[in-house]
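These numbers were taken from a predicted model, which means no experiment stands behind them.
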Amino acid sequence: MWNVSNTIFIDRRVREVYTFGTNPKLWYQWYAGLSEAEDLIGIGKKGTSMNLKYYFFGRSLSLHVLVVENAPSGEGYIWRCIFSGAFDGAQTWRYIPKDGGTEVQFEMDYELPGSIFGKLANTIYIKKLMYNSVEQTLRNLKDISESD
């Protein structure tokens, strides 16, 4: 299992960023490489499921996403999902009030299919691409959330 994490500050109230960020109908607008949700059941709460295409490394990868947690956590919120398909894993998003805005903490654990070659490719190249994709995704969320 591999891990990618990152944090960004968004100058917008936590409730607004959380509401926008957990709406699966809007993800394709800011999540780098993600298609619109297909076969969507739910609105982002626990139990929501959907199929997505994730465009990565010049390929279209099919994923199934299931939301396993969407709840208040302290003064903020936590949202978690598991995904399977072209690769398997889990994502956790934390929305935490900070300095009048929102600190978004992102963490993803993922497993690539294949043998030692898949693990070698991840170590050399794919992990960096994943990190860059996460960084772009968070910047997109910030830019859209902070726009009026």
**Report entry** Main-chain N/O of I43 paired to K25 side chain as donor or acceptor, under 3.5 Å
**Finding:** no
Report summary line: Closest non-hydrogen contact found for S145 with R12 is O-NE, 3.0 Å
Query - A32 backbone acceptor or donor facing T137 side chain under 3.5 Å - result: yes
Requested in this report: Tell me, please, which residues at least two apart from F83 pass ring pair (Phe, Tyr, Trp, His ring centres under 6.0 Å).
Outcome: F87
**Report entry** Common cluster, I82/W79, ILVMFWY with side-chain heavy-atom separation under 4.5 Å
**Finding:** no
Query raised in the report: Using the benzene-type ring in the case of Trp, are the ring centres of Y95 and Y18 under 6.0 Å apart?
Result: yes
Query raised in the report: Any side-chain donor paired with an acceptor under 3.5 Å for W27 and Q29?
Result: no
**Report entry** Taking every non-hydrogen atom, the tightest pair across Y55 and S60
**Finding:** CE2-CB, 3.5 Å
Report task. Could you tell me whether the side chain of H64 and the main chain of S49 form a donor-acceptor pair under 3.5 Å? Result -> no
Query raised in the report: Taking atom types as modelled and ignoring hydrogens, do the side chains of N140 and Q136 form a donor-acceptor contact shorter than 3.5 angstrom?
Result: yes
Query raised in the report: What heavy-atom pair brings G44 and N70 nearest, and what distance separates the two atoms?
Result: O-ND2, 2.8 Å
Query raised in the report: In a check of side-chain hydrogen bond (donor to acceptor under 3.5 Å, both in side chains) between E107 and each of T7, T92, N3, which one passes?
Result: N3
Report task. Could you tell me whether a side-chain N or O of T48 sits under 3.5 Å from a main-chain N or O of G42, the two making a donor and an acceptor? Result -> no
**Report entry** Exercise: identify the closest heavy-atom pair between G85 and D88
**Finding:** N-OD1, 3.2 Å
